[in-house]
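Some notes on the structure that comes next.
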Amino acid sequence: MALGDRPFLVDPAGFGPLCKCGKPHPTVDVRHYAGEDAFTVLADDCREAAGGSQVLLVDDENTHAAAGAMVVEALKDRGIDPVVETLSGDVEMTDATAERLMAGRGEIGLIIAVGAGTINDLGKYAANAHGLDYWTVPTAPSMNGYTSSIAAVKIRGVKRTLPARPPRAIYAHPRVVREAPLKLRQSGFCDILAKSVSDTDWRTESILFSGSYCPLPSAVVAGSESAYIPFPEKIRDGDSDAVTGLFDGLLLSGVAMTLAGSSAPASGGEHLVSHVLDMRESLTGRKPELHGLQVAAGVILSAVCYRMLSELEASRVGKGKAVPRFESDLKEIPAVWGPYADEVRERFLQKRAQLVQFDDLLPRHWDRLQPLFNAVRKPEFFLDLIRRTGFPMTLDAVRLSPDEFRTAALTARTIRERITVLDVAAHAGVLEAAVEEAAGLMG
Ligand SMILES: [Zn+2]
Ligand SMILES: [Zn+2]
């Protein structure tokens, strides 16, 4: 059987009725194989697909032990001798890391990433930059980036999500995924919970500006949610069905981003908080926590913002606030960002034109927006779900001081041009109070 005969992860034939925007969505043609024999199947496909060209397998010390070594063995059994790059524990995903990975390589035809977040972004980004084929072997249900058409990369200190072709094929070994450490499962659970707030961020932006919202991406993920959202204890206990359900949900969440043509369905203001924490490592010395766990702090913050906004009168979001608010936030950037201030300022300035329209657009659309805000689940609901996975969900547990959380939460909206609930909350004058309330809930 050749790669081209493997089933697609999702069947586009089912998309038609779910799309309400009427615009064409990008094609999703990721092949997916899951089974205890995933690595031998990968090796068979590799012999067919790679021909005589060299295969580069990238993993790290942990994922090499969990799966990489078995993949290498399976490849060697089929007469393929891959170049193996096993990175040490603390890899940071920057454009320089990707360049180092590829420097001095001969003819590479295919990159196979064996790992989760960073390894996956690295393989995807490098393959994209060099026009190579890219396959992935996920080792944990820890984040939703496996299937997405973006890679998170730090460039000149600023975390960016850049377009990168999704893998052509995914080979998932259920036991490897299931036996991933509890903290990685908790991280994946939180990463996918972000959709509950980010989807509303996207709908809000769409009403105010772009009109780009389509329910298709969310619907693609929603079908899987009943398998894991109601069962946080089963995620904690490593229950096979719940963890597999979570993993499938994460793969579909990446597909949702590809379908939307942006990360908007799965990443809003809550993700910006996590990106800030990653970016500030070199300024504060604080090692970032797992992506999903940092995102979780952002989910609580966004949910608090939505609750506050749902209780506001339209008159509170009225005239004359936009320019002064923008100018005062712009002034804060150097103190928060030090050497990265120019890069961040450039990002924030890119959304000035939209932010100054808030004075008109928010009151005009408030009656449409409030029911959306009101429909977002309350912060206590998310806290309860996360805590039932066994993760305490306090700032302490994410290794965050209240001060660093405050700084990250208040500056998060300056690092990206995307409009999120954090912008609306800032304009409405409730962001500071929301940050305090969220800090209190996670105290
Ligand atoms: Zn659509
Ligand atoms: Zn995420």
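Start at 1 and go down the list; that is how both ligands and their atoms are numbered. Below, each value reflects all heavy atoms present in this structure, side chains not excepted, and no hydrogens, waters or symmetry copies. One-based numbering along the sequence shown.
For D191, the N, O or S atom closest to the Zn ion (ligand 2) goes by the atom name OD1. Here the N, O or S atom of H271 that is nearest to the Zn ion (ligand 2) is NE2.
Legend: residues meeting side chain to side chain donor-acceptor pair (under 3.5 Å) with T204, ordered by chain and number and at least two apart, are absent. Contacts of Y340 classified as ring-ring contact (aromatic ring centres under 6.0 Å, His included), with partners at least two apart in sequence or in another chain: none.
For R325, the CZ atom is densely surrounded, since the number of other residues' heavy atoms within 6.0 Å is greater than 12. For CG of D396, the number of neighbouring non-hydrogen atoms (other residues, nucleotides, ligands) closer than 6.0 Å is 12 at most. Counted within 6.0 Å of CZ on R377, heavy atoms from surrounding residues, nucleotides or ligands total 12 or fewer; the atom is thus considered open.
Ion pairing of K351 with D423 is present here, as a side-chain N (NZ or NE/NH1/NH2) and a carboxylate O approach within less than 4.0 Å.
For the Zn ion (ligand 1), the set of protein N/O/S atoms nearer than 2.8 Å consists of C19 SG, C21 SG, H25 NE2, C214 SG, ordered by chain and number.
Sorted by first then second residue, the ring pair (Phe, Tyr, Trp, His ring centres under 6.0 Å) pairs that include residues 241-266, not counting sequence neighbours, number zero.
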